[in-house]
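Have a look at the structure below before the remarks.
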Protein chains: 2
Amino acid sequence: MTNSGGAGKRERLIAAACQMVHQQGVEKTTLADIAQAAGVPLGNVYYYFKTKNDIVRAIVETYLDEARAMLAAIEGGHAAPRDRLKAMFGSLSRDSERIARYGCPTGSLCGELDKRADGPGAAAELMRVPVDWAARQFTAMGRPDAEDLALEVIARYEGTALLANTFRDPDLMARETARVDRWLDAM
Amino acid sequence: MTNSGGAGKRERLIAAACQMVHQQGVEKTTLADIAQAAGVPLGNVYYYFKTKNDIVRAIVETYLDEARAMLAAIEGGHAAPRDRLKAMFGSLSRDSERIARYGCPTGSLCGELDKRADGPGAAAELMRVPVDWAARQFTAMGRPDAEDLALEVIARYEGTALLANTFRDPDLMARETARVDRWLDAM
DNA sequence: GTCTATAGCCAGATAGAC
DNA sequence: GTCTATCTGGCTATAGAC
């Protein structure tokens, strides 16, 4: 209704920002990069976002929505907590090429936000989503140490993504996924 | 002998660069930051390093030396591979305040180098050191899957550091260290 | 709402006196 | 070898016509 002339221009800008920032990082991505990738003239970006930081915030919001949607889809597709955790971790292997090339979008973004002024708040909010979700699954499995298990499984996820990216080796993800599957089966 | 006037100025610059880059990241650290932290005038920096990238390379070299020295010290202090691995992982807890505030120096540097042009080579070389070392310890324990175990333990190390930094919670490191200790004892 | 042109700033890098 | 002053380029952000 409002934004009649926009025709999803704001959405295109956010999508372009997510892609460019994933590939190049926050600091090395310029507004000109984002504008060009979205097919929008540079000056027009400021009609939709007052500052570059506003775009970063929009990226975090998008990742929050995507993470919640993905975890909800997993819950819908798997009834057993153990299977849900496997499905969550397995998303590493599905995207292995992209992660080996550019890292985990959430993990590398959090790493960058930690060095920024606004940093900790938004990054922590973003990382809380999968950790809390995993903790609920372990609780449903009757584990009293659910919170520690959740931190361990997400740490393995992010750590594996970092190593796969550093070594440019997509295969690492499949190998660690197999190990996590066996670990979950044994508990 | 050469560099008689230097009086360790180059070393001061590298030390300052390591500290500033750990705290602020590569992209947000300016040569002026480094020069000021080292007590050296900006223009003089270029007598020791032709470009900013040369300074980054010097940081990687320093981290390589430090990592090798630290692992050698652990080998000297512990005969059993299991104890060596525990000591390596335990270094997370010892530095927990700094890591919760600024992240793992190696991990966050690798994350940033992955987005740079020269990136993958230097970062991979740096991360190879602890992975190969851990693999040797697991091999000495008679484990045929030593390489996968090494990747897992370093992934947990780096992943835990990222989470502790994101949540600004030093306590995570001690909790994960305790879990890793039990895991190593059970194998 | 859209887009061009440009202001203003700051970082990396250099020139050249000492 | 050391240091001041400055150049150059690129990036965020704004002004203002349409």
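Here is how names work: the chains are called A, B, and so on, in the same order as the sequence lines, proteins then strands, and each is numbered from 1.
Note: CG (B/Leu13) to P (D/dC3) measures 11 Å, nearest angstrom. In this structure, B/Leu42 places its CG atom 15 Å from P of C/dA15, rounding to the nearest Å. The nearest whole Å value for the distance from the OH atom in A/Tyr48 to the C1' atom in D/dA13 is 18 Å. Whole-Å rounding puts the A/Asp54 CG to D/dT14 P distance at 11 Å. Atom CD in B/Glu27 sits about 18 Å away from atom P in C/dC10, given to the nearest Å. One atom, CD1 of A/Ile55, and another, P of D/dC11, lie 14 Å apart when rounded to the nearest Å. One can place CD1 of A/Ile34 at 11 Å from P of D/dA13, the figure rounded to the nearest angstrom. For the pair A/Gln36 CD and C/dT4 P, the computed distance is 13 Å after rounding to whole Å.
When the side-chain nitrogen and oxygen atoms of A/Lys50 are compared with OP1 and OP2 of D/dT14, none of them lie within a distance under 4.0 Å. When the side-chain nitrogen and oxygen atoms of A/Tyr46 are compared with OP1 and OP2 of D/dA15, none of them lie within a distance under 4.0 Å. Between D/dT2 and B/Tyr47, no contact under 4.0 Å exists linking OP1 or OP2 to a side-chain N or O. Residue B/Lys28 has no polar side-chain atom (N or O) positioned under 4.0 Å from OP1 or OP2 of C/dA11.
Position along DNA chain D of the nearest nucleotide to A/Ala32 versus B/Gly43 favours B/Gly43 as the more 5'-ward residue.
Side-chain contact of A/Thr30 with A/Asp33: a donor-acceptor pair under 3.5 Å is present, judged by distance alone.
Residues B/Tyr157 and B/Met88 meet the side-chain proximity criterion, which asks for heavy atoms closer than 4.5 Å. In this structure, A/Arg179 and B/Leu149 have side chains that are in contact, with non-hydrogen atoms separated by less than 4.5 Å. Looking only at side-chain heavy atoms (C-beta outward), B/Ile34 and B/Val45 stay at 4.5 Å or farther from each other.
For A/Lys9, counting side-chain heavy atoms from C-beta on, the closest listed nucleotide (C/dA11, C/dT2, C/dA13) is C/dT2. Taking the side chain of B/Asn44 as heavy atoms from C-beta on, and the options D/dC3, C/dC3, D/dT12, the nearest nucleotide is D/dC3. In this structure, of D/dT12, C/dA11, D/dT2, it is D/dT12 that holds the atom nearest to the side chain of A/Leu31. Closest approach to the A/Lys52 side chain among C/dC3, D/dA13, C/dA13 is made by D/dA13 (side chain taken as heavy atoms from C-beta onward). Taking every side-chain heavy atom of B/Pro41 into account, D/dC3 is the closest of C/dT4, D/dC3, C/dA13.
Taking the ring axis of A/Trp183 as reference, the NZ or CZ atom of A/Arg156 stays within 45° of it and closer than 6.0 Å to the ring centre.
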